Chemist: 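Take this structure, written in structure tokens, and hold onto it; I'll ask about it next.
Keep in mind that what you see is a predicted model, and the values were worked out from it rather than measured.
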Amino acid sequence: MQKELEDIVKAYLAASQQGLQTALATVVHVEGSAYRQPGARMLITENGALTGAISGGCLEGDALRKAQLAMMQQKPMLVTYDTTDEDDATIGVGLGCNGIIHILLEPLGPHLSMNPLTLLQQHAGRRDTTVMVTLFNLEQRSAPQPGTCIFITDGGERQVHLEDGPLRTAVLADVCAAFTSRRSAVKTYDNGQEQVTALIAWHPPALQLLIAGAGNDVRPLVKIAAVLGWHTIVVDGRPAYAQQQRFPEATRVIVAKPVEVLQHLQPDDYTAAVLMTHNYNYDIALLTALLPHHLPYTGVLGPARKLQRMLQEMEDAGTVVSPEQQARIYGPVGLDIGADAPEEIALSIISEVKAVMAGAPGDSLRNNPAVIHQRTRQQVIQKQL
């Protein structure tokens, strides 16, 4: 979703330079099943250009028409699509989603004090985690829809456009909870007279992938990661290989010795590493340097006996590898999908990184008896003020 946000911000800046009106469509709540979940966004321009997605393609056309009306009226609008209705001719018959999707349309502009895309653009390139709160009236769609009102980063920046009172206190408490749980939520606040609902959207930074090695087999890995919006850093000790023109999709390409790599990198909870230099000494030196940073994922290309040898030599040299640290090292790297060619191996590696970072088993969905998307993320939790 981070790539989608980055694409939306770029499209908004381009539209603003052309003087085009824009609106942001946000999936704020889902009841039942839907292709996109709360927090999915799409930018709509007055000339009909769309960036991002709020569905698999079935809702975008109607959302475009309603967004143009919201731009003309210059006020947020909440629209609801019931895909459980087989007779709904507005969005088509038999979509098969079997869900009710609530979408908030917010006209945007430089005059807004809480323009969500301007705030996101200001944090582009940073590795901040953010929480953005969007308020809406779920019970009365014709009532005023407040829209985006809170933007807070874990770096300490706060933009809060909400009057002092019980609602502000309750929402800010739930923002803190979102940072702690690392999960988005949809909550309704009831003051006895009216209800207001909030999408509390938690956004981690883009996944940062460190790839040690600049051989030809790294190219497809960088390309797939770029499609996903991951920020890739390719590092190698050989200047003839570590060149930006060889990896145009990479965020950065660095020539460095293993002990110098961390000078160019700020590891965090959203950083993964893959060691594939085909140089045993380089890989073991870099693994030793990365170990204290507790990366959630470090993959080592090669057979299992190579990794076991590396770990043993590290122990012999005085580097203690705890069971927790060893559990975060994956070797042989990648999921078992029968990969052979470099492109297939890259797909295997990317799939494993994604599964580990998402806390997913990496198994076939048909073997999962539970629902695909956790319903706890979609429930409207009511709180009395």
Side-chain angles (χ1 to χ4, degrees), residues 2-7 9-10 121 123-128 204-302 306 310 328-334 339 341-354 356-357:
Q2 185 64 28
K3 181 180 186 301
E4 184 174 68
L5 283 175
E6 291 176 357
D7 290 343
V9 169
K10 291 178 183 177
Q121 189 272 333
H123 287 80
R126 303 185 194 177
R127 296 204 58 76
D128 288 337
L207 192 148
Q208 183 174 235
L209 180 63
L210 171 67
I211 307 173
N216 290 338
D217 57 342
V218 172
R219 288 178 172 178
L221 189 65
V222 172
K223 289 180 180 180
I224 298 175
V227 169
L228 296 174
W230 296 1
H231 296 174
T232 54
I233 303 171
V234 177
V235 60
D236 199 299
R238 301 167 294 179
Y241 285 77
Q243 297 182 6
Q244 189 72 52
Q245 58 265 35
R246 282 173 46 79
F247 304 96
E249 299 88 356
T251 307
R252 284 187 292 161
V253 179
I254 301 167
V255 179
K257 298 177 181 179
V259 294
E260 300 170 339
V261 171
L262 288 171
Q263 299 175 11
H264 305 276
L265 178 72
Q266 294 181 335
D268 54 31
D269 291 342
Y270 307 97
T271 300
V274 179
L275 311 184
M276 49 192 304
T277 64
H278 303 280
N279 182 321
Y280 180 85
N281 292 331
Y282 194 106
D283 284 351
I284 191 173
L286 183 53
L287 180 60
T288 303
L290 291 174
L291 199 64
H293 295 275
H294 302 282
L295 300 187
Y297 179 97
T298 300
V300 180
L301 186 68
K306 173 189 174 182
M310 292 171 70
R328 297 182 178 188
I329 303 173
Y330 294 79
V333 66
E343 293 78 9
E344 296 169 344
I345 294 172
L347 176 61
S348 167
I349 294 172
I350 290 289
S351 299
E352 184 177 55
V353 173
K354 171 58 182 174
V356 170
M357 300 299 281

Chemist: Quick check: does any side chain N or O of Gln244 sit under 3.5 Å from a backbone N or O of Ala250, one acting as donor and the other as acceptor?
Modeler: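 Yes, Gln244 side chain to Ala250 backbone: donor-acceptor pair under 3.5 Å.
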
Chemist: When rounded to the nearest 0.5 angstrom, what is the spacing between NE2 in His231 and CG in Leu209?
Modeler: 11.5 Å

Chemist: Determine yes or no for a side-chain-to-main-chain donor-acceptor pair under 3.5 angstrom, with Gln245 supplying the side chain and Pro248 the backbone.
Modeler: no

Chemist: Is a donor on one side and an acceptor on the other found under 3.5 Å between the side chain of Ser348 and the backbone of Glu344?
Modeler: no

Chemist: Are the side chain of Arg252 and the backbone N or O of His264 linked by a donor-acceptor pair below 3.5 Å?
Modeler: yes

Chemist: To check you understand the geometry: which heavy-atom pair defines the closest contact between Asp236 and Ala214, and what is its length?
Modeler: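 Scanning both residues, the minimum pair turns out to be OD2-N, 2.9 Å.
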
Chemist: Passes side chain to side chain contact (heavy atoms under 4.5 Å, CB included), Thr277 versus Tyr241? Steps please.
Modeler: CA-CA 11 Å; Thr277 64; Tyr241 285 77; over 6 Å; no

Chemist: Do Thr251 side-chain atoms and Ile233 backbone N/O form a donor-acceptor pair below 3.5 Å?
Modeler: no

Chemist: Within the structure provided, determine whether Leu295 and Arg328 are in side-chain contact (heavy-atom separation under 4.5 Å).
Modeler: no

Chemist: Looking at His278 and Asp217, what are the two nearest heavy atoms and their distance?
Modeler: NE2-OD2, 2.8 Å

Chemist: If we only count heavy atoms from C-beta on, is the Tyr297 to Val274 side-chain gap below 4.5 Å?
Modeler: yes

Chemist: For residues Val222 and Val218, determine if any side-chain heavy atom of one lies less than 4.5 Å from a side-chain heavy atom of the other.
Modeler: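 In contact.
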
Chemist: Compare every heavy atom of Pro342 with every heavy atom of Pro220, then report the nearest pair and how far apart it is.
Modeler: CG-O, 3.8 Å

Chemist: Which atoms form the tightest heavy-atom contact between Gly229 and Ala206, and what is the distance?
Modeler: O-CB, 3.9 Å

Chemist: Under 4.5 Å between any side-chain heavy atoms of Thr288 and Met310, yes or no?
Modeler: no

Chemist: Which one of Val300, Val356, Thr298 satisfies the side-chain contact (heavy atoms from CB on, under 4.5 Å) criterion with Tyr330?
Modeler: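 One option only clears the test, and that one is Val356.
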
Chemist: Mind listing the closest non-hydrogen atom pair of Gly237 and Tyr282 along with its distance?
Modeler: N-CE1, 3.7 Å

Chemist: As an exercise, state the distance from CD1 of Ile349 to CG of Leu301, rounded to the nearest 0.5 Å.
Modeler: 6.0 Å

Chemist: So do Pro205 and Arg126 actually touch side chain to side chain, heavy atoms under 4.5 Å?
Modeler: no

Chemist: Quick one: pull up CD in Glu6 and CD in Glu4 and give me the separation to the nearest 0.5 Å.
Modeler: 11.0 Å

Chemist: Would you check if the side chain of Lys223 reaches a backbone N or O of Glu249 as a donor-acceptor pair within less than 3.5 Å?
Modeler: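 Checked: no pair found.
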
Chemist: What distance do His293 atom NE2 and Thr271 atom OG1 have between them, rounded to the nearest 0.5 Å?
Modeler: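 Going from the NE2 atom of His293 to the OG1 atom of Thr271 covers 10.5 Å.
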
Chemist: Between Lys354 and Leu228, is any pair of side-chain heavy atoms under 4.5 Å apart?
Modeler: no

Chemist: Go through it in stages, so that I can follow the logic: the residues are Arg238 and Asn279, the test is side chain to side chain contact (heavy atoms under 4.5 Å, CB included), and I'd like the CA-CA distance, side-chain angles, deciding distance and then a yes or no.
Modeler: CA-CA 11 Å; Arg238 301 167 294 179; Asn279 182 321; over 6 Å; no

Chemist: Can you confirm whether Ile254 sits close enough to Leu265 that some side-chain heavy atom of one is under 4.5 Å from a side-chain heavy atom of the other?
Modeler: no

Chemist: Which heavy atom of Pro296 sits nearest a heavy atom of Asp269, and at what distance?
Modeler: CG-O, 3.3 Å

Chemist: Evaluate the side-chain proximity of Trp230 to Ile350: yes if any heavy-atom separation is below 4.5 Å, no if none is.
Modeler: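 Ile350 reaches Trp230 side chain to side chain.
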
Chemist: Under a 3.5 Å distance rule, please check whether Arg127 uses its side chain to pair with a backbone N or O of Asp268 as donor and acceptor.
Modeler: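 Side chain of Arg127 to backbone of Asp268: no pair is present.
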
Chemist: Which value, rounded to the nearest 0.5 Å, describes the distance between Arg246 atom CZ and Asn216 atom CG?
Modeler: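 Between Arg246 CZ and Asn216 CG, I get 5.0 Å after rounding to 0.5 Å.
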
Chemist: Can you establish whether the number of heavy atoms outside Lys10 located under 6.0 Å from its atom NZ is more than 12?
Modeler: no

Chemist: Identify the residue among Val234, Leu262, Leu275, Leu290 that makes a side-chain contact (heavy atoms from CB on, under 4.5 Å) with Leu210.
Modeler: Leu290

Chemist: Nearest 0.5 angstrom please: Arg219 CZ to Ile211 CD1, how far?
Modeler: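 Reported value, rounded in 0.5 Å steps: 13.0 Å.
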
